[in-house]
Amino acid sequence: MEERSLNFLEEIIEKDLAEGKYKSIYTRFPPEPNGYLHIGHAASICLNFGLAIKYQGKCNLRFDDTNPVTEETEYVESIMNDVKWLGFNWDELRYTSDYFEQLYAYAVQLIRQGDAYVDDSTAEQMAATKGDINKPGTDSAWRSRSIDENLALFEEMRAGKYPDGAKVLRAKVDMAHPNLLMRDPIIYRIKHAHHHRTGDAWCIYPMYDFAHGQSDSIEQITHSICTLEFIHHRPLYDWFIQKLGIFPSHQYEFARRNLTYTVMSKRKLLQLVNEKHVAGWDDPRMPTISGLRRRGYTPESIRNFADTIGIAKRDNITDVSLLEFCIRENLNKVANRVMAVLDPVKLVITNYPEGQTEEFDAENNPEDEQGGSRKVPFSREIWIEREDFQEQATKKFFRLAPGLMVRLKYAYIVRCDDFKKDEQGVVTEIYCSYLPESKSGNDTSGLKVKGTIHWVSVPHAQTAEVRLYDRLFRVENPANEDGDFKDYINPDSLQVVANAYIEPALTQAQPGDRFQFLRKGYFCADKDSTPGHLVFNRTVGLKDSWAKEAKK
RNA sequence: AGUCCAAUGGUGUAAUGGUAGCACAACAGAUUUUGGUUCUGUUUGUCUAGGUUCGAAUCCUGGUUGGACUACCA
């Protein structure tokens with residue numbers, strides 16, 4: 001087992017455990033069901049569930065559903081699905097809405113203690129009396145209502161006597177506090193809205209600040225981990241726990257994870273979906289977990305990525321090449337190799353008898369001794385990749401050009417003798433002769449060739465649609481650029497190859513199956529596939545040192 | 001401007017007063033029936049100025065830079 005240093009949360013936990021502050025730890029992953037989870041959430045999921053596993057504690061999945069206007073059951077389902085797919089099991093499935101009655105009682109307690117009051121101010125009036133960063137706020141005219149009046153009014157709010165916005169319940173903290181969140185924050189507002197779980201039972205809903213900490217407390221969460229932007233909420237979080245005298249959960253913050261060449265805010269992702277810049281939340285170009293899944297990413301690779309980037313408290317933007325490294329590393333070990341030609345040109349082996357065919361053994365995965373092999377048919381005419389031929393070989397080009405030899409993977413060495421072009425100058429056929437004694441496995445030719453290329457036999461070829469995905473944005477950090485982030489969308493983020501040629505064995509592929517298309521990259525059969533029409537998504541290309549060399 | 005948070009190679013992250021390390025990326029080479037994989041090597045870093053100390057990335061002070069906060073969102 002590799003010795004790894006602790007991150008700052010593990011240090012806190014080990015200290016708490018060592019000092020006997022807690023017998024075991026309890027964490028939670030608390031998404032609001034108002035969108036799909038993305039790779040940043042995946043890091044948070046791995047963190048919260050991972051800590052619980054590492055320290056033999058527990059971790060809940062809790063939906064923070066206090067705003068009925070934006071939340072939907074569709075999101076609840078996708079979130080549960082994503083967490084499970086990533087490989088985690090929650091101890092308890094909870095909803096903040098489970099606690100509405102308890103939260104209401106907490107609010108009443110605060111009123112009785114003189115720590116909360118009903119305010120009739122409008123939103124504008126409240127903003128005007130809030131003060132700002134440099135200026136203290138001023139007390140609301142309703143701040144000194146009697147406890148009995150507050151109690152009665154709050155009950156009426158719940159009973160539906162008032163329209164949206166007519167009244168709010170506020171905590172009585174300090175209107176001059178340097179932390180704006182402590183200037184008598186709103187804790188309940190009136191919303192005559194249908195809730196995805198409680199239906200029309202309520203017309204008042206608690207605010208985040210009056211729900212999150214209390215929910216943590218109810219669930220006996222010991223370490224409540226959230227992102228940095230909530231750091232200013234911590235004094236309020238602690239204030240409520242202290243005033244209510246409930247289980248003291250503690251909040252800890254870490255920096256949210258960012259990735260280059262994408263956006264990570266739910267609002268922006270929702271825009272991409274609604275404005276049809278992508279085909280949906282699970283479009284393979286999206287950084288959503290469902291998008292990555294459809295793209296062909298494995299749970300293991302995402303967990304490994306989350307582990308590798310670690311956690312800290314400083315702003316960050318991780319290079320997407322690290323994510324790509326993680327999926328390549330995983331797929332290299334488990335994905336079967338197959339041959340597919342994406343941009344075909346015909347190669348004729350002039351000295352191979354017409355009508356003759358052969359079958360070669362092809363190993364499924366050189367990285368896996370148990371991977372087995374399959375048969376690949378061969379004939380006089382084969383499809384090869386257009387980029388594997390040059391009319392005049394540039395320097396260091398180890399593939400086909402007149403006079404040059406390559407090995408056809410699993411088959412023979414061929415020498416290029418000639419080629420044919422059409423009126424536009426496009427190469428239409430390449431003529432080669434093969435060396436019968438160079439047969440793969442018992443090559444007695446004594447020849448060494450530098451290049452090996454993939455191919456598909458023309459009469460045996462099947463077709464498939466192949467979707468070549470690239471990064472969604474042209475710039476590293478679209479959210480930081482001037483103007484609309486959507487101006488930086490990469491127009492070539494999807495290229496569709498309508499008719500790629502694939503070897504016959506591939507027609508057995510089921511949606512979700514992952515392969516390495518030899519020399520091209522890793523691909524995943526898409527859910528759009530039908531028995532007669534296979535669709536493959538490119539997960540990620542292979543590292544391509546020739547592409548770099550060719551640019552020089 | 002007030003409060004809070006953070007500053008370590010191109011990127012991410014370690015070193016918890018004692019040799020600045022790891023991964024990705026980049027570069028060079030070896031191996032290779034994938035220009036893949038694997039292996040070897042190389043380049044690049046402690047924001048700044050003081051202070052404490054035998055010794056500071058680490059502790060202290062000032063500065064600089066970046067971020068967060070002024071929703072009846074979470």
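The chains referred to below are lettered A, B, ... by the order of the sequence lines, with proteins before strands, and numbering in each begins at 1.
- Atom C1' of G18(B) sits at a distance of 32 Å from the matching atom of A25(B), rounded to the whole Å.
- If you look at Y205(A) and Y188(A), their ring centroids are not closer than 6.0 Å.
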Could you list the protein-to-nucleotides 38-47 of chain B atom pairs, N/O on both sides, closer than 3.5 Å?
none

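- By the 4.0 Å N-to-carboxylate-O rule, R62(A) lies close enough to E219(A) to be salt-bridged with it.
- At the phosphate of U3(B), neither OP1 nor OP2 sits under 4.0 Å from any side-chain N or O atom of R183(A).
- Heavy atoms of T70(A) sit nowhere under 4.0 angstrom from any nucleic acid atom.
- Taking the centre of each ring, Y252(A) and H223(A) come in below the 6.0 Å mark.
- Counting non-hydrogen atoms under 4.0 angstrom, D132(A) reaches a base of the nucleic acid.
- Stretches of at least 3 consecutive Watson-Crick or G-U wobble pairs, with each checked distance under 3.5 Å, appear in RNA chain B as B:2-7 with B:64-69, B:10-13 with B:21-24, B:26-30 with B:38-42, B:47-51 with B:59-63.
- A123(A) comes within 4.0 angstrom of a nucleotide base, judged by non-hydrogen atoms across all strands.
- The base of U37(B) does not come close enough to the side chain of R328(A) for any donor and acceptor atom to sit less than 3.5 Å apart.
- For K548(A), a side-chain nitrogen or oxygen approaches OP1 or OP2 of C27(B) to under 4.0 Å.
- Ionic pairing of K439(A) and E358(A) is present here: one or more N-O contacts between side-chain nitrogen and carboxylate oxygen are shorter than 4.0 angstrom.
- The residue G441(A) sits close to a base: some heavy atom pair falls under 4.0 Å.
- Outside the 6.0 Å centre-distance limit, the rings of F305(A) and Y297(A) are not counted as a close aromatic pair.
- Contact annotation: T318(A) does not reach the phosphate of C24(B) (side-chain N/O to OP1 or OP2, under 4.0 Å).
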Report, one pair per line, the protein and nucleotides 65-69 of chain B atoms (nitrogen or oxygen only) whose separation is under 3.5 Å.
| residue | atom | partner | partner atom | Å |
| --- | --- | --- | --- | --- |
| G67(B) | O4' | D315(A) | OD2 | 3.3 |
| A68(B) | O2' | H232(A) | NE2 | 3.4 |
| A68(B) | N3 | H232(A) | NE2 | 2.9 |

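- For C73(B), one of the phosphate oxygens OP1 or OP2 lies less than 4.0 angstrom from a side-chain nitrogen or oxygen of K191(A).
- Note on D184(A) versus R143(A): salt bridge recorded, some NZ/NE/NH1/NH2 to OD/OE distance being below 4.0 Å.
- A salt bridge does not link D343(A) to K520(A): none of the charged side-chain nitrogens sits closer than 4.0 Å to a carboxylate oxygen.
- Using a 4.0 Å heavy-atom cutoff across all strands shown, F397(A) reaches at least one base atom of the nucleic acid.
- Here K266(A) does not pair with E32(A) in a salt bridge; the nearest charged N to carboxylate O distance is not below 4.0 Å.
- Taking the nucleotide of RNA chain B with the nearest heavy atom to each of S440(A) and F8(A), the more 5' of the two is matched to F8(A).
- Taking the six-membered ring where the residue is Trp, the centroids of F517(A) and Y522(A) are separated by 6.0 Å or more.
- Taking side-chain N and O atoms only, T308(A) has no distance below 4.0 Å to OP1 or OP2 of U13(B).
- Nucleotides U13(B) and G9(B), compared at atom P, are 11 Å apart to the nearest Å.
- Aromatic rings from Y208(A) and F230(A) are positioned such that their centres are separated by under 6.0 Å.
- Checked against the 6.0 Å centroid threshold, F523(A) and F515(A) do not count as a close aromatic pair.
- Contact annotation: R267(A) side-chain N/O to C73(B) OP1/OP2 distance is not under 4.0 Å.
- Taking the six-membered ring wherever Trp is involved, the centroid distance between the rings of Y106(A) and F240(A) does not fall below 6.0 Å.
- When heavy atoms are screened at a 4.0 angstrom cut-off, K396(A) is found touching base atoms of the nucleic acid.
- For R519(A) against G35(B), no side-chain N or O and base N or O form a donor-acceptor pair under 3.5 Å.
- One finds no side-chain N or O of R234(A) lying less than 4.0 angstrom from the OP1 or OP2 phosphate oxygen of U3(B).
- For K450(A) and U32(B), the shortest distance from a side-chain N or O to OP1 or OP2 is not below 4.0 Å.
- Residue-level contact check: H454(A) touches neither bases nor backbone, having no heavy atom under 4.0 Å from any strand.
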